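Below is one structure, written out as structure tokens, with a few remarks after it.
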Amino acid sequence: MSYIRESVPSHSMKRQTLSNVLGMKKIDRESRETVGAITSSDTRISCRNVNVFYGEKQAINDLSLDIGNNEVISFIGPSGCGKSTFLRTLNRMNDTIPSCKVEGEIKIDDKDIYHRDMDVVPLRAQVGMVFQKPNPFPKSIYDNVAYGPRIHGLAVNKTELDEIVQNSLIKAGLWEEVKDRLDEPGTGLSGGQQQRLCIARTIAVNPEVILMDEPCSALDPIATAKIEQLIAELKERFTIVIVTHSMQQAARVSQRTAYFHMGHLIEVGDTNQIFTNPVHPLTEDYITGRFG
Amino acid sequence: MNNPATSADLRADNKASTFDIVQKSLAKRRSAERRFKAYGLTGIMLGLMFLLVLFTSIIGKGYTAFVQTQVKLDIYFDAEWLDPEHGGDDSLAKADYNGLIKKSLSTAFPEVTERRDKRDLYAMVSSGAGFLLREMVVTDKSLLGKTVPVWLPADDDIDMLMKGHIDREQDQANRRVNDKQLAWIDRLSQEARIEKHFNALFFTAGDSREPEMAGIRGALMGSLLTLIGTFLLSFPIGVATAVYLEEFAPINKFTDFIEVNINNLAAVPSIVFGLLGLAMFINFFGLPRSTPIIGCLVLTLMTLPTIIIAGRASLKSVPPSIREAALGMGASKLQTITHHVLPLAMPGMMTGSIIGMARALGETAPLLMIGMVAFIVDVPTSFTQPSTVLPVQIYLWADSPERAFVERTSAAIMVLLFFLISMNGLAVYLRRRYERRW
Amino acid sequence: MSPSILLILLLILAYVGFYAGKKRAVGCVEGKVKFLHSLPGFYGFYVSLWSVIPALLITLIWLIVEPVWMTQAVTAQLPEEMINLPPERLNLVLNDIRNVVNGSTLATQSDSVILDAASHYESLQSLSHWLMAIVTIGLSMACMWISCQRIHQHYRARNAVEKAVTGGMVICSTIAIFTTLGIVSSVAYESFLFFQSVPVFDFLFGLDWSPQTAMRSDQVGSSGAFGAIPLFTGTLLVSLIAMLVAVPIGLMSAIYLSEFAGPTFRATAKPTLEILAGIPTVVYGFFAALTVAPFIRETGEAMGLSVSSESALAAGLVMGVMIIPFVSSLSDDVINAVPQSLRDGAYALGATQAETIKQIIFPAALPGIVGSILLAVSRAIGETMILVMAAGLSANLTFNPFEAVTTVTVQIVTLLVGDQEFDSPKTLAAFALGLVLFVVTLMLNVFALYIVRKYREQYE
């Protein structure tokens with residue numbers, strides 16, 4: 001993997017400050033430069049000039065964004081805009097795709113995750129991920145949650161492991177439903193329960209960041225509501241990055257929202273501002289449903 | 001959910017972060033990973049090594065069979081000797097050609113007078129060489145009365161000696177070539193009258209008890225006939241069955257039963273098909289034993305499941321939208337299939353059948369059961385003549401005690417493998433060339 | 001007229017029928033094809049099917065009945081003392097006659113009675129073939145004419161043709177059933193005959209196998225000579241050795257190829273490995289007998305072990321090598337069928353690839369892998385040529401891999417190859433062994449296919 005390390009381009013930020021000063025002058029529709037504050041006060045993940053390629057095709061264009069500590073940020077945008085791809089670069093899940101190539105700089109707590117010395121195993125333990133479709137292992141509920149702590153050696157003994165499993169299931173809001181059947185296969189649960197099991201599995205490793213790739217798109221509204229409530233609780237302890245198709249969901253769960261379009265980060269800002277007063281015309285089109 | 005943080009929870013927070021804990025055991029986990037990967041690579045390498053050893057061993061043993069030691073003799077085609085009664089073609093066909101060779105050898109080695117030595121001398125040229133002279137005379141009668149230098153195959157023991165398989169230093173009693181013969185050979189090679197030439201007989205002759213006269217032509221023809229018959233029977237039946245099961249058959253117990261049967265037949269040991277051929281086709285229907293016709297019936301039944309399964313898979317890969325489009329134009333179901341689905345599925349079906357045919361070409365056990373294991377000298381020309389096939393020929397030769405048959409067996413294996421690899425290569429080519437992803 | 005010429009004539013008639021039908025159909029509507037119910041070609045097919053299929057059926061029946069009838073006719077003409085021969089001997093004589101007719105025996109080598117009978121046979125045969133030709137061609141033409149007459153403007157030729165084609169396909173697909181039936185009935189019938197002289201119990205549980213001694217008439221059916229236990233243990237031993245080679249190597253290769261290998265390596269290594277599966281078993285047999293067995297014997301002797309020149313180990317090893325690609329490609333399929341989402345789930349938790357494979361993928365794929373191993377076992381049990389050439393014939397009741405053992409398949413081949421009388425217990429024993437082989441592999445296959453199928457459904 002090659003790395004391009006450049007200083008943060010300041011011109012885009014300058015322009016925005018300028019446009020802010022000039023009183024929210026409308027931005028050209030064709031502009032692909034990020035609108036809004038890409039920085040965050042208490043930075044946990046910092047991305048600068050990230051480019052992602054699938055073979056010849058460029059999926060992410062010169063993307064820079066900071067993600068703050070204990071914040072919930074949601075990525076929205078039409079299908080194929082690169083939001084899932086970008087999410088997967090954050091814990092190097094893209095490594096499993098042979099043709100995928102990442103350029104630029106992504107730092108978590110000042111560690112460059114694409115550095116040669118960086119091992120994906122501790123990285124992924126630190127940055128957990130929840131997928132679109134619930135994917136519990138064909139094991140018991142207990143073993144599903146205990147899997148992560150076991151491989152990483154997080155529990156010294158059985159009692160400690162039991163505690164971790166119980167706590168994770170409690171935090172995932174699943175404990176009351178499954179406490180009597182921890183030996184049953186995780187695949188036997190309902191879709192919403194499976195997804196909460198996957199979240200429990202992720203938090204059992206005690207990560208710092210949780211990436212969620214459209215975690216509710218395969219669920220019914222009631223299960224979705226539960227997951228959203230869960231996210232609200234989890235943000236006390238974790239940084240959460242969520243990709244979603246549903247603008248309502250983004251509005252409900254996140255403090256910040258980033259709008260992606262054709263591999264470009266078009267606009268990022270406070271969720272309220274994005275949904276009530278988008279600056280970039282493309283964002284406005286998408287929010288108001290004029291996108292097409 | 002509203003539980004306050006438990007002790008473990010707090011401990012986890014107070015303790016080093018997950019990242020640090022993971023870092024500690026990382027080296028161990030990574031080396032376990034490398035070990036595991038090495039096991040996998042070892043597995044593959046072992047497999048590939050076996051393949052390499054197999055091929056080197058076969059080629060190493062067999063490549064010498066493509067040349068054959070030949071002795072140049074001045075043969076006087078004595079008309080009086082061959083045809084003293086002037087009986088024409090008939091008596092020429094029955095004449096004693098080996099006598100010509102013996103005379104020629106006696107002339108070349110006049111010092112050999114003792115009976116036993118003479119026998120050793122005559123034994124140096126293949127006892128089948130007379131047939132070659134007869135061929136020459138029968139095709140060209142003008143040879144009569146002339147003296148012509150002819151390269152004739154040496155006996156297999158001499159051939160083995162020339163190829164270095166018989167140790168010259170060994171004690172004469174344990175050596176198949178005695179000292180006198182060695183001296184004669186040395187004299188012949190000084191005169192450049194004993195040389196290794198391309199072994200054309202190997203490709204043009206049928207089987208023989210004499211290794212130097214034995215060839216694979218008969219077995220190749222038998223294989224060819226059997227394979228043609230098998231293809232002509234199994235391909236149409238296989239395609240029809242695949243089309244029926246995939247496109248027409250209602251889902252019921254009966255079609256389920258057919259499917260179970262086909263899947264099971266694909267895994268039935270081939271020798272059981274041989275038993276079927278023996279009991280059904282030979283003893284019950286009274287078809288002639290040892291013939292390609294039974295061979296292809298048995299191999300058809302054996303390869304049908306392979307072809308059907310491959311055919312169904314390729315029919316399945318044709319997207320339903322094509323069928324719907326044709327049906328929507330008002331084509332009947334049969335027209336839809338013959339005009340649209342089958343042409344698209346055909347490469348896959350051909351690939352499947354070629355692979356099935358390659359399997360049939362290499363099959364031995366069922367053919368042993370139906371008597372294609374007989375010693376047959378003549379090259380078969382029709383489906384009802386007794387014949388053998390290449391793998392069975394290999395089996396027969398592998399059983400022969402003569403040292404020279406080892407290299408011929410290996411050479412026959414090389415020919416068989418050549419055909420198999422070409423067929424599989426063709427299948428791979430077809431798949432690459434016509435494979436579509438929808 | 002020979003049957004093949006008749007066949008060609010029938011094909012010509014089919015061709016003629018096609019044009020006759022088409023012409024008549026077009027004639028019906030005075031060339032205005034669009035008024036016809038079906039395309040003109042269908043009328044052609046309709047007539048041509050009618051002119052061939054009944055005629056072909058008659059030919060087939062004729063060819064089946066003919067030899068029976070001819071044998072009777074020829075037997076009746078034989079001299080008195082030959083007719084009164086015991087049936088087996090009479091059969092031999094008839095075989096000689098047939099051989100003379102087919103030209104596989106030189107006419108000069110047979111005696112005059114047989115030559116006379118042969119010429120009688122020949123004249124009868126040519127008469128019969130001529131009759132058959134006349135009947136067949138007559139029938140074909142008659143059917144052609146009748147079917148032509150039935151064509152009119154609204155005749156649904158397409159439906160008729162499609163019905164016939166579908167019918168043909170149904171018949172083709174029942175061949176699989178008939179094959180199974182054929183196997184079961186022929187093997188079971190001969191085994192039934194065998195079990196009349198040797199009790200089933202003695203066969204299945206007897207400890208002594210020496211069919212050669214049973215050739216003598218005073219020993220026919222004597223208990224103990226046909227005890228198949230040594231064959232079963234021999235088969236088990238060799239299969240066990242083969243699986244010990246094939247399963248670890250095959251499985252590890254499959255795991256490496258599907259999980260670790262890069263696309264280029266996979267694209268070259270996988271087909272290369274599969275060459276092992278395409279090599280004919282007779283080649284492996286030759287390799288085992290000529291290269292591996294001596295090598296093992298020498299190594300064994302160097303280590304002070306006594307190794308038989310036809311050891312179970314050599315045969316088993318080579319058979320294992322043959323089965324490697326079988327195990328690896330089946331397991332590869334099974335492993336690839338494990339959904340990517342499970343891998344993603346494990347990777348996202350920070351599992352290494354090896355951990356993911358060992359703890360997630362392997363357990364998930366286990367039923368499928370077990371199924372494919374069972375299929376491989378069935379393959380090993382039924383393998384013949386390697387064992388015939390490398391395992392030997394001595395029926396030792398042993399589990400020592402350095403000794404020679406014999407197997408079910410080897411004994412089937414030895415008992416049936418060569419000129420035996422068909423109904424001696426010796427040959428019948430081969431069918432009884434075949435029955436055991438068929439039943440065992442059938443159970444293994446059905447069970448394994450069931451497991452694999454259930455497994456596939458789980459992830460579809």
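Values in this document were obtained by computation on a predicted structure and should not be read as measured data. Here is the naming used below: chain letters follow the sequence lines, and residue numbers restart at 1 for every chain.
The environment of C/Phe42 atom CZ is dense: over 12 non-hydrogen atoms of other residues, nucleotides or ligands sit within 6.0 angstrom. Atom CZ of C/Phe260 has more than 12 neighbouring heavy atoms from other residues, nucleotides or ligands inside a 6.0 Å radius. Heavy atoms of other residues, nucleotides or ligands lying less than 6.0 angstrom from CZ of C/Phe447 number 12 at most. Shown here is C/Arg453, whose CZ atom has no more than 12 heavy atoms of other residues, nucleotides or ligands within 6.0 Å. Counting non-hydrogen atoms of neighbouring residues, nucleotides and ligands closer than 6.0 angstrom, the CZ atom of B/Phe375 exceeds 12 such neighbours.
Of the two parts of C/Leu39, only the side chain, counted from C-beta on, holds a non-hydrogen atom closer than 4.5 Å to a non-hydrogen atom of chain B. B/Asn424 does not touch chain C: none of its heavy atoms, backbone or side chain, sits under 4.5 Å away. For chain C, the nearby parts of B/Tyr39 are the backbone and the side chain; heavy atoms of each come within less than 4.5 Å. Both the backbone and the side chain of B/Gln335 come within contact range of chain C, with heavy atoms under 4.5 Å apart. Contacts of B/Ile237 with chain C are made by both backbone and side-chain atoms, with heavy-atom separations under 4.5 Å. For a residue to count as touching a neighbouring chain, one of its non-hydrogen atoms must lie under 4.5 Å from one of that chain's; by this rule C/Val283 touches chain B with backbone and side chain alike. With a 4.5 Å cut-off on non-hydrogen atoms, B/Ala267 touches chain C through its backbone and its side chain both. If you measure heavy-atom distances from C/Ala380 to chain B, you find no contacts under 4.5 Å at all. With a threshold of 4.5 angstrom between heavy atoms, B/Arg35 does not approach chain C through any atom at all. Heavy atoms of B/Phe55 lying under 4.5 Å from chain C belong exclusively to its side chain. At a 4.5 Å heavy-atom cutoff, the contact between C/Leu290 and chain B is made by backbone and side-chain atoms alike. Within the 4.5 angstrom heavy-atom criterion, no atom of B/Met423 approaches chain C. Neither the backbone nor the side chain of B/Phe284 has a heavy atom closer than 4.5 Å to any heavy atom of chain C. With a 4.5 angstrom heavy-atom cutoff, B/Ser410 touches chain C via backbone and side-chain atoms both. Looking at C/Val161, neither its backbone nor its side chain comes within 4.5 Å of chain B, counting heavy atoms on both sides. Of the two parts of B/Leu265, only the side chain, counted from C-beta on, holds a non-hydrogen atom closer than 4.5 Å to a non-hydrogen atom of chain C. With a 4.5 angstrom heavy-atom cutoff, B/Leu361 does not touch chain C via any of its atoms.
Of the listed residues (B/Leu54, B/Val22, B/Leu48), the one with the most heavy-atom contacts under 4.5 Å to chain C is B/Leu54. Most heavy-atom pairs under 4.5 Å with chain C: of the set B/Lys37, B/Lys61, B/Arg359, B/Met280, this distinction falls to B/Lys37. With chain C as partner, the option from B/Gly362, B/Ser332, B/Pro391 having the largest number of non-hydrogen pairs under 4.5 angstrom is B/Ser332. Per-residue counts of heavy-atom pairs under 4.5 Å with chain C were compared for B/Ile413, B/Val53, B/Val272; the largest is that of B/Ile413. If you tally non-hydrogen atom pairs under 4.5 Å between each of C/Val446, C/Asn159, C/Thr291, C/Asn445 and chain B, the highest count goes to C/Asn445.
In this structure, the side chains of C/Met252 and B/Leu46 stay at 4.5 Å or more apart for every pair of heavy atoms. Looking at B/Ile271 and C/Phe438, their side chains never come closer than 4.5 Å, going by heavy atoms from C-beta outward. Within the 4.5 Å cutoff, the side chain of C/Val170 has no heavy atoms near those of the B/Phe248 side chain.
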Exercise for the section: Report the C-alpha distance between B/Leu41 and C/Phe265 in whole Å, list the side-chain angles of each, state the deciding distance to 0.1 Å, and finish with yes or no for side chain to side chain contact (heavy atoms under 4.5 Å, CB included). Expected result: CA-CA 11 Å; B/Leu41 200 58; C/Phe265 183 76; 4.1 Å; yes
Exercise for the section: Go through C/Phe286 and B/Val406 one step at a time and tell me if the side chain to side chain contact (heavy atoms under 4.5 Å, CB included) criterion holds. Expected result: CA-CA 9 Å; C/Phe286 180 70; B/Val406 171; 4.3 Å; yes
Practice task
Please step through side chain to side chain contact (heavy atoms under 4.5 Å, CB included) for the pair C/Phe287 and B/Ser57, ending with a clear verdict.
Solution key: CA-CA 8 Å; C/Phe287 179 64; B/Ser57 139; 3.7 Å; yes
Handout entry: Worked verdict on C/Leu442 versus B/Val268 for side chain to side chain contact (heavy atoms under 4.5 Å, CB included)
Key = CA-CA 7 Å; C/Leu442 177 80; B/Val268 163; 5.7 Å; no
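Interface residues of residues 174-184 of chain C toward chain B, defined by a heavy-atom distance below 4.5 Å and sorted by number: C/Thr174, C/Ile175, C/Ala176, C/Ile177, C/Thr179, C/Thr180, C/Gly182, C/Ile183. Residue-level contacts of residues 320-331 of chain C with chain B, in order of numbering, are C/Val321, C/Ile324; threshold 4.5 Å between heavy atoms.
Summarising the geometry, atom CZ belonging to B/Arg29 is positioned 6.0 Å from atom OG1 belonging to C/Thr352; distances are rounded to the nearest 0.5 Å. C/Ser173 OG to B/Asn261 CG: the interatomic distance, rounded to the nearest 0.5 Å, is 11.0 Å. One finds the CD atom of C/Gln353 at 13.0 Å from the CZ atom of B/Arg34 (value rounded to the nearest 0.5 Å). Between the CD1 atom in B/Ile282 and the OG atom in C/Ser186 there is a gap of 12.0 Å [rounded to 0.5 Å]. Interatomic distance, CG of C/Leu433 versus CG of B/Leu275, reported as 9.0 Å (0.5 Å rounding). Distance check, rounded to the nearest 0.5 Å: CD of C/Glu190 to CG of B/Leu278 gives 8.0 Å.
The two atoms that bring C/Ser253 and B/Gly43 nearest to each other are OG-C, 3.4 Å, heavy atoms only. Smallest separation of non-hydrogen atoms from B/Ala240 and C/Met169: O-SD, 3.7 Å. Nearest heavy-atom pair across B/Asn264 and C/Leu449 is N-CD1, 4.2 Å. B/Leu417 and C/Pro280 get closest at one heavy-atom pair: CD2-CD, 3.9 Å. Contact detail for B/Gly47 and C/Leu276: the closest heavy-atom pair is O-CD1, 3.7 Å. Between B/Ala398 and C/Met389, the closest heavy-atom pair is CB-CE, 3.5 Å.
Just one residue in the list B/Leu420, B/Ile421, B/Ile58, B/Leu51 forms a side-chain contact (heavy atoms from CB on, under 4.5 Å) with C/Ile279, and that residue is B/Leu51. The side-chain contact (heavy atoms from CB on, under 4.5 Å) test with B/Pro269 is passed by exactly one of C/Ile412, C/Leu437, C/Thr409: C/Leu437.
Counting only distance, with no hydrogens or angles, the side chain of B/Glu33 and the backbone of C/Ala354 share a donor-acceptor pair below 3.5 Å.
C/Thr166 and B/Lys333 are not linked by any side-chain donor-acceptor pair at a separation below 3.5 angstrom, with hydrogens and angles left out of the test.
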